[in-house]
Amino acid sequence: METITGAELAAQALIDRQIPYVFSLSGGHITPVYQHLEKSDVKIFDTRHEQSALFMAEAWGKLTRTCGVAMVTAGPGFTNALTGVASAKFSNTPLVLIAGCVGLDNKEKLDLQDMPQEAVIRPMVKKTFVCQKGERINEYVDLAFRTALSGRPGPVYLEFPIDVLNAPVNKEAVRYTRTEVAANPADPDKARALIEMMLKAKNPVVIAGTGAWQSNAEEELKTFIESTGMPLFTSLSGRGVLSDNHPFCFEGAIAIRPGGGFAAYIETDLVIVLGTRISLYYLFGDIFNPAAKIAQVDISPEEIGRNRTVDLPVVSDLKGFLKACNEIVWQKDVSKELKDRFAPWIEKLTTAHKDGKALSENDWTSDNIPIHPLRLAKEIDKFMNRESDIVVADGGDTTTWMGMTRTVGTPGRYLDYGIFGSLAVGLPYANAAKLLYPDSRVCLVTGDGSVGFNFMEFETAIRKNLPIIVVICNDLGWGMIRHSQEIRMGHAIEDGTYIGKVDYHKMVEAIGGKGFFVEDPKDIKPALKEAFESKKVCCVNVMTDPTTVSPASTMLANIGAYKA
Ligand SMILES: Cc1ncc(C[n+]2csc(CCOP(=O)(O)OP(=O)(O)O)c2C)c(N)n1
Ligand SMILES: [Mg+2]
């Protein structure tokens with residue numbers, strides 16, 4: 001009988017799938033798999049914390065629309081990974097987390113790192129798979145990837161007990177399955193119904209989110225918008241699915257972004273929600289005119305109707321649905337009628353967009369010292385090109401300032417933590433972006449608090465030759481929380497929210513990177529230029545005004561968790 005070990009089967013399954021990277025931190029319970037990946041085309045990318053490995057896998061999934069893969073060891077390796085898993089669940093990112101665990105024979109014997117991993121992670125993922133038989137490893141890997149990618153994508157957990165990995169398996173008994181599932185065709189009746197709604201509307205708005213990006217719908221969306229003349233806002237991983245430069249694109253959908261969003265939402269009579277969720281970003285749906293009709297297209301039936309009654313619910317893959325809509329616009333020959341109908345609305349929003357932006361102009365161009373964080377955000381936005389460069393945001397107020405400012409021309413070029421709101425994503429996201437796009441410039445803009453969590457990923461970047469530029473928006477503390485406390489209670493709780501001045505740039509120099517310290521706004525651009533030209537991992541420590549409060553901090557003080 002010819003045998004093969006479970007670990008070799010697991011490694012081979014990843015090799016067969018041509019997985020480029022497994023983001024990981026080593027441990028005894030996964031060493032058998034490492035052994036068989038060592039000389040393969042699947043690279044083990046090792047981070048300094050399992051949380052970083054998971055955030056890297058999440059970023060990989062977000063950017064490539066394929067499954068990010070992470071592998072961690074039992075017990076503490078597993079628990080350290082959980083935040084990244086939760087983040088991927090919230091961002092609907094396809095991800096497979098492979099974990100080793102104590103052998104089935106040793107459960108409950110007080111063996112090292114024993115814990116009920118599957119029970120802990122079950123509510124956090126789309127599905128858990130614990131493979132207890134070596135012969136079925138391949139089948140389980142197929143199940144895990146298929147589940148992560150199908151329908152609404154998300155994280156999946158795949159566990160291999162160490163004795164299953166180590167046991168010899170009869171080669172002839174190994175089961176192989178490999179299926180890729182395509183989306184169902186769209187329902188033309190639903191597409192017709194949407195066009196009918198549009199023909200009755202005057203002030204429609206279209207919001208396209210992660211679903212538009214994940215379903216590869218950029219071309220169909222562009223045709224849809226151009227042939228109907230409706231204004232588009234983009235959200236989360238949908239940022240850039242149509243360029244912010246496009247005359248019908250009014251940039252980011254989040255209402256606190258300076259521009260036409262707020263005006264559009266309160267006056268709209270038809271909201272067309274394409275592959276995004278009616279979340280806090282839209283005050284749980286309350287930001288839209290209460291009389292507006294809502295059409296919502298989503299791959300996931302249970303998503304439709306959250307927070308608002310939906311007049312036209314459509315369960316569909318977006319690419320197919322938009323294609324069907326475009327065909328009907330063409331067949332019915334209503335393109336001109338729709339464009340003429342909405343032209344005054346576009347004109348009105350274009351003016352509102354300009355006026356909205358003008359309100360922030362003073363801050364974007366401020367010469368103040370300490371530096372206004374919006375000036376910093378604007379300098380970065382101007383410096384980084386919209387098409388191929390990648391900007392990553394992390395931090396509380398810092399993410400808000402970047403979200404209010406960054407313009408994108410191409411999808412998959414802007415990353416932040418989205419609605420899960422986990423600080424600490426910055427360095428791992430930036431490293432993943434640089435790994436994927438070695439020839440593009442990658443700039444992380446992060447809060448001084450946030451940069452601390454996974455600070456050792458600077459070392460990972462240096463060791464792996466990923467020359468990212470990290471700009472720290474240094475307001476001496478946990479700004480967003482300080483500000484919301486000040487609004488809420490009249491003062492910030494110093495013991496909980498003040499950090500003080502830390503020479504982060506010198507810390508990065510000490511491990512082989514390059515550091516810059518900036519206090520004057522006119523020095524931001526030269527520092528960025530020198531940093532990128534150095535081709536080194538750089539930390540640009542920028543002292544920003546700790547008293548400037550972002551609109552998100554104001555909201556945090558007044559809604560949600562802080563509400564009395
Ligand atoms: C992992 C995690 N811990 C705590 C929080 C709560 N929180 C939200 S914003 C914030 C302050 C962030 O400070 P910093 O990174 O310096 O950014 P700033 O707000 O100062 O720009 C904190 C602690 C969070 N969102 N995520
Ligand atoms: Mg801060």
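For ligands, and for the atoms within them, numbers begin at 1 and follow the listed sequence.
In this structure, R482 pairs ionically with E494, as a charged nitrogen and a carboxylate oxygen lie closer than 4.0 Å. Contact check on K378 versus D363 returns no salt bridge, with no Lys/Arg side-chain nitrogen under 4.0 Å from an Asp/Glu carboxylate oxygen.
Within 4.0 Å of ligand 1, heavy atoms belong to protein residues G395, G396, D397, T398, G421, L423, G447, D448, G449, S450, D475, G477, W478, G479, M480, I481.
Of the possible donor and acceptor atoms, one in the side chain of Q117 sits under 3.5 Å from a partner among the backbone N and O of G100. Side chain of Q485 to main chain of I493: a donor-acceptor pair is present (N/O by atom type, distance under 3.5 Å, no hydrogens or angles).
With contacts defined as side-chain heavy-atom distances shorter than 4.5 Å, the pair R441/M384 qualifies. Taking 4.5 Å as the limit, every side-chain heavy atom of V271 sits out of range of all side-chain heavy atoms of Y282. Side chains of I380 and V471 form a contact here, defined as non-hydrogen atoms less than 4.5 Å apart.
A donor and an acceptor atom, one from each side chain of Y281 and T276, are nowhere located under 3.5 Å apart. Side-chain contact of T407 with R386: a donor-acceptor pair under 3.5 Å is present, judged by distance alone.
Excluding water, every protein N/O/S atom under 2.8 Å from the Mg ion (ligand 2) is given here by residue and atom: D448 OD1, D475 OD1, G477 O.
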